[in-house]
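Take a look at the structure below.
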Amino acid sequence: MPGLYDEMGIADQVNAANATLKHLRQQTMGFTHVDGSGTVTVDTTNPEYIALQSKIAALEGKLVTVDALKTQVSALIGGHSVPSLRALRELAAHHQNTIDSAPVRAFDLFRMKRELAIEQGNAAVRLAMPSEVAALLDGYADEETALKAAQTASQAAIVAISADLTTIDGLTNEAQAALRD
């Protein structure tokens, strides 16, 4: 399963930054020596060492920023009780499907129950006006109410998920920008 950096599309950039940081840290070893007392010391006054430390600090700052943005993305994802960004997108698609399919499912259910009632000889259903039929079908009203409730819940959920996905896109753009600088 891909990590969150992968899902954000920045894993390669983060890995490259970490590799560069490791390389820069290794370069600092060239500014160490053993003094007369046998103690390992660093020549902290050397301008090259100072420049190297500056590069290291800047890169560490970028990685800290990116990690903080990742933490924010993770919190947004966790707020929907899903394990990943992909799962959050799938949850949004599920809610959109519930919203879109509820009327079709209600109509199919209505038609099926109406046909069944007619087949069973329920003349009242066969002779009723369309607006009266739903009340004559056993259990239809409860099932339609459940479909409406699911649709309403999905409409509320999709608003929250869409807002968080927009925020996640912004945070991802920030992370990409931080790694570019």
Side-chain angles (χ1 to χ4, degrees), residues 1-19 61-181:
M1 184 162 116
L4 189 51
Y5 283 144
D6 288 317
E7 290 188 303
M8 292 172 70
I10 60 172
D12 291 342
Q13 294 161 296
V14 170
N15 291 338
N18 279 318
K62 288 179 183 183
L63 290 170
V64 165
T65 297
V66 169
D67 186 59
L69 293 168
K70 175 188 169 195
T71 300
Q72 290 177 45
V73 169
S74 182
L76 289 169
I77 291 168
H80 295 280
S81 301
V82 293
S84 67
L85 185 53
R86 179 177 180 222
L88 182 58
R89 288 188 175 115
E90 289 171 356
L91 182 61
H94 167 76
H95 284 299
Q96 190 61 52
N97 182 52
T98 299
I99 293 165
D100 295 341
S101 69
V104 174
R105 291 173 44 207
F107 182 74
D108 287 345
L109 179 65
F110 173 83
R111 197 176 60 194
M112 180 186 72
K113 286 194 174 274
R114 181 179 176 275
E115 289 171 7
L116 181 62
I118 291 170
E119 283 177 18
Q120 292 175 343
N122 187 335
V125 169
R126 191 171 45 81
L127 298 173
M129 296 302 280
S131 60
E132 300 169 332
V133 174
L136 299 173
L137 300 175
D138 290 336
Y140 174 77
D142 292 338
E143 291 181 51
E144 182 183 89
T145 300
L147 285 170
K148 282 181 185 178
Q151 185 181 41
T152 301
S154 286
Q155 287 168 333
I158 200 113
V159 168
I161 292 170
S162 294
D164 285 347
L165 285 172
T166 299
T167 302
I168 288 169
D169 287 344
L171 293 170
T172 297
N173 290 337
E174 282 184 54
Q176 290 170 340
L179 291 166
R180 273 193 302 270
D181 295 337

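All of these numbers come straight from a predicted model, not from anything done at the bench.
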Practice item. Could you list all the ring pair (Phe, Tyr, Trp, His ring centres under 6.0 Å) pairs where at least one residue sits in residues 158-181, not counting sequence neighbours? Key: none
Check your understanding: Looking only at heavy atoms, what is the nearest atom pair of Leu165 and Ala92, with distance?
Key -> CD1-CB, 4.3 Å
In residues 74-82, what donor-acceptor pairs under 3.5 Å come from side-chain atoms, sequence neighbours left out?
residue	atom	partner	partner atom	Å
His80	NE2	Asp164	OD2	2.6

Check your understanding: Does anything in residues 64-73 pair up under side-chain hydrogen bond (donor to acceptor under 3.5 Å, both in side chains), and if so which pairs, sequence neighbours excluded?
Key -> none
Point to revise | Any pair counted as side-chain hydrogen bond (donor to acceptor under 3.5 Å, both in side chains), so long as it reaches residues 154-163, sequence neighbours left out | key: His95-Ser154
Review point. If you round to the nearest 0.5 Å, how far is CD1 of Ile168 from CG of Asn173?
Key: 12.0 Å
Review point. Looking at Ala17 and Leu179, what are the two nearest heavy atoms and their distance?
Key: CB-CD2, 4.3 Å
Revision key, fill the gap. Applied to residues 72-97, the salt bridge (charged side-chain N to carboxylate O under 4.0 Å, His left out) test, sequence neighbours excluded, yields Arg86-Glu90, Arg89-Asp169
Point to revise | Set of side chain to side chain contact (heavy atoms under 4.5 Å, CB included) partners for Ala11, sequence neighbours left out | key: Tyr5, Asp6
Exercise for review: Measure the CG-OG1 distance between Leu147 and Thr152 for me, rounded to the nearest 0.5 Å.
Suggested key: 10.5 Å
**Study point:** For Glu143, all residues meeting side chain to side chain donor-acceptor pair (under 3.5 Å), sequence neighbours excluded
**Key:** Lys113
Side-chain polar contacts of residues 123-141 - donor-acceptor pairs under 3.5 angstrom, sequence neighbours left out - could you list them?
residue	atom	partner	partner atom	Å
Glu132	OE1	Met129	N	3.0
Tyr140	OH	Glu144	OE2	2.6

Listing, residues 98-111 side-chain donor-acceptor contacts under 3.5 Å, not counting sequence neighbours, or none:
residue	atom	partner	partner atom	Å
Thr98	OG1	His94	O	3.1
Asp100	OD1	Gln96	NE2	3.0
Asp100	OD2	Gln96	NE2	3.4
Ser101	OG	Asn97	O	2.7

Distance-only criterion, 3.5 Å: show the donor-acceptor pairs between side-chain atoms of residues 114-121 and protein atoms not counting sequence neighbours.
none

Practice item. Kindly state each residue pair satisfying ring pair (Phe, Tyr, Trp, His ring centres under 6.0 Å) with at least one member in residues 145-170, sequence neighbours excluded. Key: none
